[in-house]
Amino acid sequence: MAKKTKQTKVLPIYILNGPNLNLLGHREPEVYGYTTLAEIEAMCARQAKSHGLSIVFRQSNREGEIVDHLQEARTGGSAVIINPAGYGHTSIAILDSIQALKIPVIEVHLSNIHKREPFRNHSYVSKGATGIVMGLGAQGYLRAVDAVAEVLSSKSRSK
């Protein structure tokens, strides 16, 4: 079961998306696929609902805005799924925000970053993530939702 508030309401999973992901389906579809971000959002909402969970889905091209969303998730979410996009390779500020969280964080990449250009082989976000899903295209988001559901369920059983 997910983290609950005093009213026993299950808090949503925050699904955060970094720069240029608003162009999914159009930008380099041979790398990132043809599924749009709106389609991924709908898929994630259905997958979360199948686990009795809900989502807050956001995208930003601005690093500071992603940090703001992570800080919001700190008290308003049960978990975070983040595709930091290019910020994964550069942002210590996003890593710091993730490390301040006390909730599960799953990092998602549409492509396998280890099969890409050398500068993409490292992700700062990975250091703070509970787990990582990469190389599965849009399906990776669904596997991340499943992983969050399992982690939250395991935490609930262990209490």
Side-chain angles (χ1 to χ4, degrees), residues 1-22 24-25 32-33 35-60 63 65-89 91-114 122-159:
M1 184 66 75
K3 179 179 165 186
K4 296 182 179 185
T5 64
K6 290 179 182 174
Q7 298 85 20
T8 69
K9 181 182 174 198
V10 176
L11 297 174
I13 301 166
Y14 274 63
I15 303 178
L16 305 178
N17 298 278
N20 299 309
L21 292 174
N22 54 309
L24 284 178
Y32 302 111
T35 308
T36 67
L37 195 59
E39 291 169 331
I40 290 172
E41 179 178 6
M43 292 164 51
C44 288
R46 284 191 300 273
Q47 194 75 0
K49 186 176 182 182
S50 77
H51 292 291
L53 300 167
S54 63
I55 65 169
V56 170
F57 197 92
R58 301 208 174 123
Q59 185 276 330
S60 180
E63 182 179 27
E65 192 169 5
I66 295 169
V67 168
D68 290 342
H69 295 324
L70 286 164
Q71 289 179 2
E72 181 183 316
R74 193 172 150 270
T75 56
S78 61
V80 169
I81 294 170
I82 184 168
N83 182 340
Y87 286 139
H89 317 297
S91 181
I92 294 181
I94 290 175
L95 169 62
D96 288 347
S97 296
I98 287 170
Q99 289 179 321
L101 298 174
K102 303 290 187 231
I103 58 177
V105 176
I106 306 295
E107 178 181 12
V108 173
H109 293 281
L110 295 162
S111 66
N112 180 343
I113 65 173
H114 299 292
H122 178 267
S123 172
Y124 286 103
V125 170
S126 297
K127 182 168 177 52
T130 306
I132 305 161
V133 179
M134 71 172 77
L136 301 177
Q139 290 297 312
Y141 281 86
L142 303 182
R143 301 298 68 84
V145 171
D146 292 341
V148 163
E150 180 58 34
V151 168
L152 294 174
S153 178
S154 294
K155 285 176 96 173
S156 177
R157 286 192 303 263
S158 68
K159 286 185 179 181

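- A donor-acceptor contact shorter than 3.5 Å links the side chain of Q59 to the backbone of G18.
- In plain terms, the two heavy atoms of E63 and A93 that are nearest each other are OE2-CB, 3.9 Å.
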H89/I113 under side chain to side chain contact (heavy atoms under 4.5 Å, CB included): CA gap, chis, key distance, verdict: CA-CA 10 Å; H89 317 297; I113 65 173; 4.2 Å; yes
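- Taking CD1 of I55 as the reference point, atom OG of S78 lies at 11.5 Å (rounded to 0.5 Å).
- Looking at heavy atoms from C-beta onward, L95 lies in side-chain contact with Q99 at the 4.5 angstrom threshold.
- Inter-residue side-chain proximity for I66 and P84 is flagged as unmet; no heavy-atom pair is nearer than 4.5 Å.
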CA sep, side-chain torsions, deciding dist, call: E72, Y14, side chain to side chain contact (heavy atoms under 4.5 Å, CB included): CA-CA 9 Å; E72 181 183 316; Y14 274 63; 2.7 Å; yes
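- One N or O on the side chain of N17 and one on the backbone of R58 form a donor-acceptor pair closer than 3.5 Å.
- Summarising the geometry, atom OG1 belonging to T35 is positioned 8.0 Å from atom CG belonging to L24; distances are rounded to the nearest 0.5 Å.
- Between H114 and N112 the shortest heavy-atom distance is N-OD1, 2.9 Å.
- Remark: the backbone N or O of Q47 is paired with a side-chain donor or acceptor of S50 at under 3.5 angstrom.
- A donor-acceptor pair under 3.5 Å is formed between the side chain of T130 and the backbone N or O of V105.
- Considering all non-hydrogen atoms of both residues, L110 and A138 come closest at CD2-N, 3.6 Å.
- Looking at M43 and Q139, their side chains come closer than 4.5 Å, going by heavy atoms from C-beta outward.
- H51 places a side-chain heavy atom less than 4.5 Å from the side chain of D146.
- Taking every heavy atom of both residues into account, P19 and A85 meet most closely at O-CB, 3.4 Å.
- Between L53 atom CG and L152 atom CG the span is 6.5 Å, to the nearest 0.5 Å.
- S153 places no side-chain N or O within 3.5 Å of a backbone atom of A149 that could act as its donor or acceptor partner.
- The distance from the OG atom of S123 to the CD1 atom of I132 is 7.0 Å, given to the nearest 0.5 Å.
- Looking only at atom types and distance, the side chain of Y32 has no donor-acceptor partner in the side chain of N20 under 3.5 Å away.
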Steps toward side chain to side chain contact (heavy atoms under 4.5 Å, CB included) verdict (L37, F57): CA-CA 10 Å; L37 195 59; F57 197 92; 3.7 Å; yes
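- Looking at heavy atoms from C-beta onward, N83 lies in side-chain contact with H109 at the 4.5 angstrom threshold.
- In this structure a side-chain-to-backbone donor-acceptor pair under 3.5 Å is present from E39 to T36.
- Between V148 and the options I106, V80, I15, I103, a side-chain contact (heavy atoms from CB on, under 4.5 Å) holds for only I106.
- When all heavy atoms are compared, the tightest approach of E107 to A129 is CB-CB, 4.1 Å.
- Looking only at side-chain heavy atoms (C-beta outward), I82 and I94 come within less than 4.5 Å of each other.
- Smallest separation of non-hydrogen atoms from V67 and S97: CG1-OG, 3.2 Å.
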